Student: 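Would you mind keeping the following structure in view while I ask a few things?
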Amino acid sequence: MTTQALLDPDRLFAPDLGQRRVARELYDAVAGLPIVSPHGHVDPALLADENATFGTPADLFIIPDHYVFRMLYSQGVPLEALGIPLCAGARDVLRDAVETDHRKIWQTFAEHFYLFRGTPSGVWLAHELYAVCGIQKKLTGVTAQEIYDELVHKLAQPEYRPRALFDRFKIEVLCTTDAAADSLEHHKAIKESGWSGVVRPTFRPDAVVNLLVPGWRENIEALGSVVGREITTAKALISALEERRAFFKSMGATSTDSGVETPYTEALSPIKADKIFARALAGKATAKDAKRFTGHMMIEMARMSVEDGLVMQLHAGCYRNHNPVVLREFGADMGHDIPVQTEWVQNLKPLLDRFGNDPRLTLLLFTMDETSYSRELAPLAGHYPALRFGPPWWFHDSLNGMARYFDQVMETAGLYNTAGFNDDTRAFVSIPARHDVWRRASANWLAGLVVRGLIDMADANEMASEMANGLARRTYKL
């Protein structure tokens with residue numbers, strides 16, 4: 001079976017033949033455009049060393065990818081059977097159960113590969129296996145070891161090293177996500193290596209502005225160590241963040257990123273902010289304290305963005321680490337985050353009252369709550385000069401999620417108040433797959449507008465190019 005047979009060339013396009021023909025033409029014009037990846041979670045260490053490799057097929061496809069092991073876990077496959085590392089405080093009985101034989105991990109994955117049928121993860125994995133790695137047999141329990149051997153051979157070749165794939169993928173720029181206290185040593189190594197790839201950091205302050213995050217006090221101390229002074233007040237924290245933002249910007253950063261459960265904002269007086277900060281240092285901060293302080297810091301982050309020009313991303317609507325058992329044994333970000341209902345109009349108003357009309361601010365909004373698309377977010381982005389609406393995020397980064405987004409957002413916000421696409425991935429080899437899905441879904445949506453007579457082909461071609469990389473390039477100032 002050939003790669004072309006494993007991947008339908010017209011996948012994701014509408015069944016209507018007229019729309020499909022137009023979609024194919026639009027897609028073909030943008031399929032080969034460079035990839036702009038303005039927001040994601042690829043480890044920069046992967047690209048800092050020209051001789052770095054991905055390790056085994058299990059290291060590449062399974063162990064670091066919570067999209068993959070989340071699905072298997074939902075069907076009763078223990079995470080330890082997939083080689084997922086345990087936390088320091090995990091039960092001893094689990095330690096001997098963590099599988100270290102990567103062939104066995106791959107076999108388990110292959111035997112459950114059918115679970116991904118019809119899912120976005122299935123689409124990405126198929127693209128990774130069949131297009132990126134050139135596998136020409138369907139992955140099943142029967143073919144697992146043969147494919148494992150082929151992957152081991154290929155991953156050992158120079159053309160499958162991360163930097164080589166970066167170039168093959170035609171990545172114009174890749175932005176990572178980095179903690180406020182990060183030394184950015186890997187970014188420095190990339191810049192000094194002479195390699196032509198462009199990799200930029202992104203400033204993420206969550207670990208120090210969210211008072212209830214595990215290890216918050218240690219994170220504050222680490223930040224204080226980096227800036228060379230103790231942080232004992234809210235004012236001192238703000239000063240440290242300003243200093244670190246300047247450092248990140250000097251290293252090529254063009255944006256910041258904040259992840260919050262709710263987009264609540266509140267302007268606290270310096271006295272109130274310091275009192276809450278003092279309670280947090282004493283281990284006495286309440287959930288209300290944390291909500292108010294984070295809301296205050298979001299306004300401060302917007303103020304800093306007005307002053308230093310960094311784009312501000314705000315991701316909201318996710319209940320992090322919902323499963324206490326998985327959190328205790330395996331830690332955070334292990335596939336147990338769940339969308340929650342989110343209100344934007346009232347929560348964001350204090351910030352918008354101060355900065356929403358200021359064109360020096362670019363505030364890019366993301367949500368896990370699709371019910372707010374047409375009710376709140378599209379009208380907000382369609383009015384305030386400071387606002388742009390990010391692409392469908394996380395659970396909605398899929399053909400149907402994109403279709404719902406186009407249907408509910410574009411008529412009110414307009415295409416040019418959106419930010420194009422970002423892949424938001426930890427899985428480096430999934431980057432071209434995710435961008436390909438977006439480009440196909442965009443072409444299919446635009447083709448629908450063409451066959452309905454709402455736009456002509458000249459408009460559609462220009463819009464397809466903007467959606468592929470133009471909007472992202474301009475929104476993120478890349």
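Everything numeric here is computed off the predicted structure, so don't read it as measured data.
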Student: Indicate whether the side chain of Thr342 and that of Ser372 have a donor and an acceptor atom separated by less than 3.5 Å.
Tutor: no
Student: Specify the closest pair of heavy atoms between Met467 and Ser442, including all atoms of both residues, with the distance to one decimal.
Tutor: CE-OG, 3.3 Å
Student: Walk me through it: do Gln313 and Tyr476 pass the test side chain to side chain contact (heavy atoms under 4.5 Å, CB included)?
Tutor: CA-CA 10 Å; Gln313 299 176 91; Tyr476 285 88; 2.8 Å; yes
Student: For residues Phe366 and Leu364, report the shortest heavy-atom separation together with the two atoms involved.
Tutor: CE1-CG, 3.6 Å
Student: Does Lys477 reach the main-chain N or O of Leu310 with its side chain, forming a donor-acceptor pair under 3.5 Å?
Tutor: no
Student: Should the pair Glu243-Arg229 be classified as a salt bridge under the 4.0 Å nitrogen-to-oxygen rule?
Tutor: yes
Student: Just distance, no hydrogens or angles: give the donor-acceptor pairs under 3.5 Å from side chains in residues 374-385, sequence neighbours left out.
Tutor:
| unit_1 | atom_1 | unit_2 | atom_2 | d |
| --- | --- | --- | --- | --- |
| Arg375 | NH1 | Thr371 | O | 2.8 |
| Glu376 | OE1 | Trp344 | N | 2.5 |
| Glu376 | OE1 | Val345 | N | 3.2 |

Student: Ion pair present between Glu242 and Arg303, side-chain N to carboxylate O less than 4.0 angstrom?
Tutor: yes
Student: Got a sec: does the CD of Glu462 have more than 12 other heavy atoms crowding it under 6.0 Å?
Tutor: no
Student: Mark yes when over 12 heavy atoms from residues, nucleotides or ligands other than Lys275 sit less than 6.0 Å from its NZ; otherwise mark no.
Tutor: no
Student: Are the side chain of Asp59 and the backbone N or O of Thr56 linked by a donor-acceptor pair below 3.5 Å?
Tutor: yes
Student: Does Thr412 reach the main-chain N or O of Val409 with its side chain, forming a donor-acceptor pair under 3.5 Å?
Tutor: no
Student: How about His322 and Asp337: do any of their side-chain heavy atoms sit closer than 4.5 Å?
Tutor: no
Student: Any salt bridge linking Glu261 with Arg320? Criterion: basic side-chain nitrogen under 4.0 Å from a carboxylate oxygen.
Tutor: no
Student: Is Arg434 paired with Asp397 through a side-chain N to carboxylate O contact shorter than 4.0 Å?
Tutor: yes
Student: Determine whether a donor-acceptor pair (N or O, by modelled atom type, separation under 3.5 Å) exists between the side chain of Lys235 and the backbone of Asp274.
Tutor: no
Student: Ring centroids only, cut at 6.0 angstrom: are Phe54 and Tyr160 within range, meaning strictly under it?
Tutor: no
Student: For Phe116, does its backbone N or O pair with a side-chain atom of Thr119 as donor and acceptor, under 3.5 Å?
Tutor: yes
Student: Tell me, do Trp195 and Leu47 make a side-chain contact under 4.5 Å, heavy atoms counted?
Tutor: yes
Student: Do Ser305 and Arg245 pass the side-chain hydrogen bond (donor to acceptor under 3.5 Å, both in side chains) test, and can you show the C-alpha distance, the side-chain angles, and the key distance before you say yes or no?
Tutor: CA-CA 9 Å; Ser305 284; Arg245 287 169 66 108; 3.1 Å; yes
Student: Are Trp438 and Phe406, when compared by the centres of their aromatic rings, separated by less than 6.0 Å?
Tutor: yes
Student: Can you tell me how far NE2 of His186 sits from OG of Ser193, rounded to the nearest 0.5 angstrom?
Tutor: 13.0 Å
Student: Looking at Arg473 and Glu172, is there a salt bridge between them, counting it only when a charged N and a carboxylate O are closer than 4.0 Å?
Tutor: yes
Student: With heavy-atom distances below 4.5 Å as the criterion, would you say the side chains of Phe395 and Pro339 are in contact?
Tutor: yes
Student: Can you give me every donor-acceptor pair (side chain of residues 356-363, partner residue at least two apart or in another chain, under 3.5 Å) with its distance?
Tutor:
| unit_1 | atom_1 | unit_2 | atom_2 | d |
| --- | --- | --- | --- | --- |
| Asp358 | OD1 | Arg360 | N | 2.9 |
| Asp358 | OD1 | Arg360 | NE | 3.1 |
| Asp358 | OD2 | Arg360 | NE | 3.2 |
| Asp358 | OD2 | Arg360 | NH2 | 2.8 |

Student: Decide yes or no for Pro205 and Ser258: does some side-chain heavy atom of the first lie under 4.5 Å from some side-chain heavy atom of the second?
Tutor: yes
Student: Under a plain distance cut-off of 3.5 Å, with no hydrogens placed, do Asn347 and Thr262 share a side-chain donor-acceptor pair?
Tutor: yes
Student: Between Arg474 and Glu466, does at least one N-O distance fall below 4.0 Å, as a salt bridge requires?
Tutor: yes
Student: May I ask you to check whether His127 and His435 place their ring centers less than 6.0 Å from one another?
Tutor: no
Student: Between Ser74 (side chain) and Met71 (backbone), is there a donor-acceptor pair under 3.5 Å?
Tutor: yes
Student: Is there a side-chain contact between Lys272 and Ile276 in this structure, where contact means two heavy atoms from C-beta onward sitting under 4.5 Å apart?
Tutor: no
Student: Given side chain to side chain contact (heavy atoms under 4.5 Å, CB included), test Trp216 with Asn210 step by step and report yes or no.
Tutor: CA-CA 7 Å; Trp216 175 80; Asn210 182 346; 5.8 Å; no
Student: Measure from the side-chain N and O atoms of Asp459 to the backbone N and O of Ile455, and report whether any donor-acceptor pair falls under 3.5 Å.
Tutor: no
Student: Quick check: closest heavy atoms across Leu327 and Cys87, and the distance to 0.1 Å?
Tutor: O-SG, 4.0 Å
Student: Using modelled atom types only, decide if a donor and an acceptor are shared between the side chain of His336 and the backbone of Asn323 within a distance under 3.5 Å.
Tutor: yes
Student: Do Pro391 and Thr418 come within less than 4.5 Å of each other through their side chains, counting heavy atoms only?
Tutor: no
Student: Check whether Ser250 reaches the backbone of Phe247 with its side chain - one donor and one acceptor, N or O, closer than 3.5 Å.
Tutor: yes
Student: For the residue pair Pro38 and Val36, what are the closest heavy atoms and their distance?
Tutor: CD-O, 3.2 Å
Student: Phe428 and Phe169: aromatic ring centres closer than 6.0 Å?
Tutor: yes
Student: Can you name the ring pair (Phe, Tyr, Trp, His ring centres under 6.0 Å) partners of His187, sequence neighbours left out?
Tutor: none
Student: Does the side chain of Asp369 pick up a donor-acceptor pair with the side chain of Thr367 at under 3.5 Å?
Tutor: no
Student: In terms of ring plane angle, is the pair Phe389 and Tyr405 parallel, tilted or perpendicular, where the classes change at 30° and 60°?
Tutor: tilted
Student: When you check the gap from the basic side-chain N to the acidic O, do Glu370 and Arg404 get nearer than 4.0 Å?
Tutor: yes
Student: Is the side chain of His396 donor-acceptor paired with the backbone N or O of Met368 at a distance under 3.5 Å, no angle test?
Tutor: yes
Student: Go through the steps to decide whether Arg217 and Val208 satisfy the test side chain to side chain contact (heavy atoms under 4.5 Å, CB included), and finish with yes or no.
Tutor: CA-CA 8 Å; Arg217 179 64 182 267; Val208 291; over 6 Å; no
Student: Regarding Asp424 and Trp394, do their side chains bring together a donor and an acceptor under 3.5 Å, going by distance alone?
Tutor: no
Student: Give the C-alpha distance, both sets of side-chain angles, the deciding distance and a yes or no for side chain to side chain contact (heavy atoms under 4.5 Å, CB included) between Phe355 and Leu387.
Tutor: CA-CA 10 Å; Phe355 301 114; Leu387 291 185; over 6 Å; no
Student: Indicate whether the side chain of Asp257 and that of Thr202 have a donor and an acceptor atom separated by less than 3.5 Å.
Tutor: no
Student: Could you grab the distance from atom CG of Leu12 to atom CG of Asp436, nearest 0.5 Å is fine?
Tutor: 8.0 Å
Student: Which heavy-atom pair separates Val213 from Ala207 by the least distance, and what is that distance?
Tutor: CG1-O, 3.4 Å
Student: Do Phe109 and Leu125 come within less than 4.5 Å of each other through their side chains, counting heavy atoms only?
Tutor: yes
Student: Looking only at the aromatic ring of each residue, does the gap between the centers of Trp124 and Tyr67 stay below 6.0 angstrom?
Tutor: yes
Student: Could you tell me which non-hydrogen atom of Ala164 sits nearest to which non-hydrogen atom of Glu159, and how far apart they are?
Tutor: CB-O, 3.6 Å
Student: Salt-bridge test for Arg163 and Asp167: reply yes if a basic N is under 4.0 Å from a carboxylate O, no otherwise.
Tutor: no
Student: Are Trp445 and Met410 packed together at the side-chain level, in the sense that at least one heavy-atom pair is separated by less than 4.5 angstrom?
Tutor: yes
Student: Using 30° and 60° as the class boundaries, would you call the ring planes of His39 and His41 parallel, tilted or perpendicular?
Tutor: perpendicular
